[in-house]
2 protein chains.
Amino acid sequence: MNSDFTLAIHSLTYLALQPDRMSTSDAISESAGVHPVRIRKVLSLLKKHGFIVSKEGTGGGFIFAAELENVNLWDIYKLTSEGALQPKCPDSNERCLVGANMHKVLFAIFLGAEEHLGEFLKNYSIKEVVDLIKHEK
Amino acid sequence: MNSDFTLAIHSLTYLALQPDRMSTSDAISESAGVHPVRIRKVLSLLKKHGFIVSKEGTGGGFIFAAELENVNLWDIYKLTSEGALQPKCPDSNERCLVGANMHKVLFAIFLGAEEHLGEFLKNYSIKEVVDLIKHEK
DNA sequence: TAATACTGTAATAATAAACTTTACAGTTCA
DNA sequence: TGAACTGTAAAGTTTATTATTACAGTATTA
């Protein structure tokens, strides 16, 4: 799994704390410690799904466009990383009972596991993450 | 996450279906479609924790050494992949409220997520996986 | 209207992680 | 003693992730 999921959480949390003005990808990337192009790529996804709004040109940037309570980590996971739990099985031996069928069995189990994980992640909205961040201070 | 977890499940399932004789790393690796050295590395872990027994020399190999019902996927996950859910955060900006504290907050959330995943994986013992494999046939 | 400060995105380069391969020491059996 | 195994380390290869470069498009401002 790449870190798009955590970068998305990081970016949204950042934006949640700047509700009144636009933030640039440079500012967010400096906070997260990654390259601005990477942030723009992740934010581009979040924009497509309406969580944020962007504006080009001078004074432009990104800003939150939803209620913090209504964006939870499972929503973000699905956008950035759905299927990431699935094991990448190499081609196994079709002439062996185990090799031939393990892929299907694991696929089904990991699908269940991801759904189960989803139930957990739904408990955390960006609002909760923001509160946790503030509490750390 | 590398595929040690799924290779361990594959190997144990394979051994579960050969309860009466030793299986070589070559045979298992052919079933799983990976290199025998990799299988031996994974099996070495499983051996350390008593799930299997190995024997060197001619006629040697690996064999299951526990009750199938008593080895579940969470046990195996812990051995092979514990912490794999944890996001690998790059060093973020300590002078930013979000950058400075996101790591701790995410660590806590993902720790919970992994425990939650554990509850799901505990539902699957190797016996169940074997049954699913047989059922696929 | 020209310069500046942004987003958006593609293409390439660098780095890191995963996996394979080679090598060889140790063990058991025939 | 030789063949068939496990056990590991080290080196090489491949793949995935991330950074960098480049540049087109858009809004602002002077």
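Note: hydrogens, waters and symmetry copies are ignored here, and every other heavy atom, side chains too, is used. Numbers restart at 1 for each chain; the letters A, B, ... are given by sequence-line order, proteins then strands.
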- line: Assert: residue with more 5' nearest nucleotide on DNA chain D, out of B:V37 and B:S23, is B:S23
field: Pair B:S29-B:R40, side-chain donor/acceptor within less than 3.5 Å
entry: no
- prompt: Taking side chain as C-beta onward, heavy atoms only, is B:I28 less than 4.5 Å from B:Y14?
  reply: yes
message: From C-beta outward on A:H35, which listed nucleotide comes closest to its side chain: C:dT21, C:dT28, D:dT21?
response: D:dT21
query: With a 3.5 Å cut-off and just heavy-atom distances, do the side chain of A:S54 and the base of C:dT7 make a donor-acceptor pair?
result: no
query: Using a cut-off of less than 4.0 Å, is there contact between a side-chain N or O of A:R40 and OP1 or OP2 of C:dG8?
result: no
- prompt: With a non-hydrogen cut-off below 4.0 angstrom, is B:K47 in contact with a base, only sugar-phosphate, or nothing?
  reply: sugar-phosphate
field: Candidate nucleotides C:dC19, C:dA23, D:dA19, ranked by approach to the side chain of B:S3 - the nearest
entry: C:dC19
message: Pairing donors with acceptors under 3.5 angstrom, does anything connect the side chains of B:S31 and B:H10?
response: yes
- prompt: Closer than 4.0 Å, any side-chain N/O of B:K55 to the OP1 or OP2 of C:dC29?
  reply: yes
field: Mutual orientation of the aromatic rings belonging to B:W74 and B:Y77 [parallel < 30°, tilted 30-60°, perpendicular > 60°]
entry: parallel
query: Side-chain N or O of B:S25 less than 4.0 angstrom from OP1 or OP2 on D:dT6?
result: yes
- prompt: Is the phosphate of C:dT27, meaning OP1 or OP2, less than 4.0 Å from a side-chain N or O of B:T58?
  reply: no
- line: Comparing nearest nucleotides in DNA chain D, the 5'-proximal residue of the pair A:K41, B:G61 is B:G61
